[in-house]
Amino acid sequence: MSSSSGTPESWISSFCSLLGHEYFAEVSEEFIEDDFNLTGLQTQVAMYKEALEMILDVEPEEDDDEDEEEDEEEDESIEGVERIRHNERRNHTRMASDLSVIENSAEMLYGLIHQRFICSRAGIQQMSEKYELGHFGVCPRSYCEQARTLPVGLSDVPGEETVKLFCPSCLDVYVPPNSRFQTVDGAFFGRTFGALFLLTFPEYDLTKRGAEVLAGSRVSDEDKEVTLNGMYKCNIAPGLGNGKIYEPRIYGFRVSEIARSGPRMQWLRDKPEEISDLDEARRFAEDHRDSDDDDESMNLNGRPTRRLRQQRRRHGHGGSPMALEPNGADSGF
């Protein structure tokens, strides 16, 4: 393939421009050429070397062709010519089948590399540009009001799940609305990217809708006062909570939860009125103020050394010449 400027298009560019591959970022060749970034992929992809050469547009070695030319020069008999023609037909068939296998391996290898690349600094920055432009679509849930979504995988192992769309507004995943995305392997995006993206770019205002998406809106200074686990308060599930959950009603009366048509699993979309209640680490520290002292008093064997020392002092004042050490051995003072 060639681009409009006349220069041949790279394999990576042509792969990302295919129909259904709009979610993919273009992995830089520098990232692929670094062997550290490809650690462990040799055992997961068949014909790994050939697939890597195809991705990097490296011409394969032509040793076999040179050997065939030498054989043609040496053997000029009728039987030799027939043998050469037979070998050419066999090699042509073998090359066609091998090329198909290498192409499939190259797509698999690129997908696994892509999973690692979008978690790097350069890759996640490239995905943020696509996110700002709304390339990944919006949440189909009505109460999310067209919040932008992120492509994620439910598994890091290829062949288990297709790519899904994660909505940071309702914290749920959805099947892409277009069928062309439903054949893309979810492992090519992985389970890490979605959460890592939100922590890397906390300044995105997830509450903005419609035309404000293309404006690249950011969180205002007023909303930056409260942060929780590295995220701003206004960005923590803005599509959940009171007024954001559908309530079934019949003639204006709410349907009971125990009814057949009643709400199911509504607690999954509940949200505390005070967002600070989600900070479990802070709540635990407030409820267990003495826990730090208890942790410091534990030795490697899990035994409270401070209490033993106090008991040892009491035995010493009582005239006892022996005391039990933390390791269980008896020794004198």
Side-chain angles (χ1 to χ4, degrees), residues 16-17 19-27 114-115 117-154 161-224 226-241 243-246 268-269 271 275 278:
C16 295
S17 62
L19 190 65
H21 292 180
E22 290 83 355
Y23 294 165
F24 284 92
E26 293 192 13
V27 183
H114 181 270
Q115 177 195 132
F117 175 72
I118 60 177
C119 292
S120 64
R121 179 178 299 180
I124 205 169
Q125 181 64 38
Q126 189 177 149
M127 296 294 281
S128 70
E129 297 175 359
K130 298 170 73 70
Y131 179 75
E132 288 183 353
L133 298 175
H135 286 182
F136 306 129
V138 297
C139 180
R141 185 170 176 265
S142 176
Y143 285 106
C144 288
E145 300 178 2
Q146 296 185 346
R148 289 166 290 179
T149 56
L150 290 166
V152 296
L154 302 182
E161 290 285 349
T162 57
V163 65
K164 301 295 187 294
L165 294 178
F166 168 68
C167 175
S169 179
C170 62
L171 305 180
D172 210 342
V173 292
Y174 301 89
V175 176
N178 199 313
S179 59
R180 67 171 179 262
F181 297 114
Q182 298 177 11
T183 58
V184 179
D185 201 315
F188 296 166
F189 297 87
R191 298 177 295 178
T192 303
F193 168 69
L196 182 63
F197 182 90
L198 297 177
L199 293 176
T200 306
F201 302 100
E203 68 274 9
Y204 285 136
D205 192 351
L206 303 180
T207 63
K208 300 299 180 182
R209 312 290 179 241
E212 296 175 343
V213 171
L214 298 178
S217 56
R218 305 296 175 114
V219 176
S220 61
D221 295 335
E222 297 178 357
D223 296 331
K224 291 183 178 180
V226 180
T227 59
L228 178 62
N229 297 331
M231 295 186 64
Y232 298 120
K233 178 181 177 180
C234 63
N235 281 340
I236 299 178
L240 301 183
K244 298 289 187 178
I245 301 177
Y246 175 73
L268 287 174
R269 300 197 182 277
K271 182 179 178 182
I275 201 65
L278 295 176

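FYI, side chains are in, hydrogens and waters are out, and symmetry mates aren't considered; it's all heavy atoms of this structure. Quick caveat: nothing in here was measured; it's all calculated off a predicted structure.
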Determine whether C167 and D172 satisfy the following criterion, side chain to side chain contact (heavy atoms under 4.5 Å, CB included), listing intermediate values before the conclusion. CA-CA 6 Å; C167 175; D172 210 342; 5.7 Å; no
Between F24 and V184, is a side chain to side chain contact (heavy atoms under 4.5 Å, CB included) present by the stated rule, with each step listed? CA-CA 10 Å; F24 284 92; V184 179; 3.8 Å; yes
Walk me through whether F201 and Q125 qualify under side chain to side chain contact (heavy atoms under 4.5 Å, CB included). CA-CA 9 Å; F201 302 100; Q125 181 64 38; 3.8 Å; yes
Show your reasoning for whether side chain to side chain contact (heavy atoms under 4.5 Å, CB included) applies to Y143 and C170. CA-CA 9 Å; Y143 285 106; C170 62; over 6 Å; no
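The two residues I245 and G241 make their nearest non-hydrogen contact at CG1-O, 3.6 Å. Here the closest non-hydrogen pair linking R180 and N178 is NH1-ND2, 2.9 Å. Between P202 and N235, the shortest heavy-atom distance links the atoms O-ND2, 3.2 Å. The heavy-atom pair separating A25 from I118 by the smallest distance is CB-CG2, 4.4 Å. Shortest non-hydrogen contact noted between Q126 and E26 is OE1-N, 2.8 Å.
Remark: side-chain polar atoms of H114 are not paired, donor with acceptor, to backbone N or O of V27 under 3.5 angstrom. Between the side chain of K130 and the backbone N or O of E22, at least one donor-acceptor pair lies under 3.5 Å. Proximity of a side-chain donor or acceptor of T149 to a complementary backbone N or O of C139 within less than 3.5 Å is not detected.
If you take CZ on F189 and CZ on F136, they are separated by 7.0 Å, rounding to the nearest 0.5 Å. Here the CG-CZ distance, from L196 to R191, works out to 14.0 Å after rounding to the nearest 0.5 Å. The NZ atom of K271 sits 7.0 Å away from the CD1 atom of I236 when rounded to the nearest 0.5 Å.
Side-chain contact of K164 with T162: a donor-acceptor pair under 3.5 Å is present, judged by distance alone.
Checked options Y131, F193, F181; the residue passing with Y23 is F181 (criterion: ring-ring contact (aromatic ring centres under 6.0 Å, His included)).
Inter-residue side-chain proximity for M127 and H135 is flagged as unmet; no heavy-atom pair is nearer than 4.5 Å. No side-chain heavy atom of V152 sits less than 4.5 Å from a side-chain heavy atom of L165. Side-chain contact between L206 and S169: absent, with no pair of heavy atoms (C-beta onward) separated by less than 4.5 Å.
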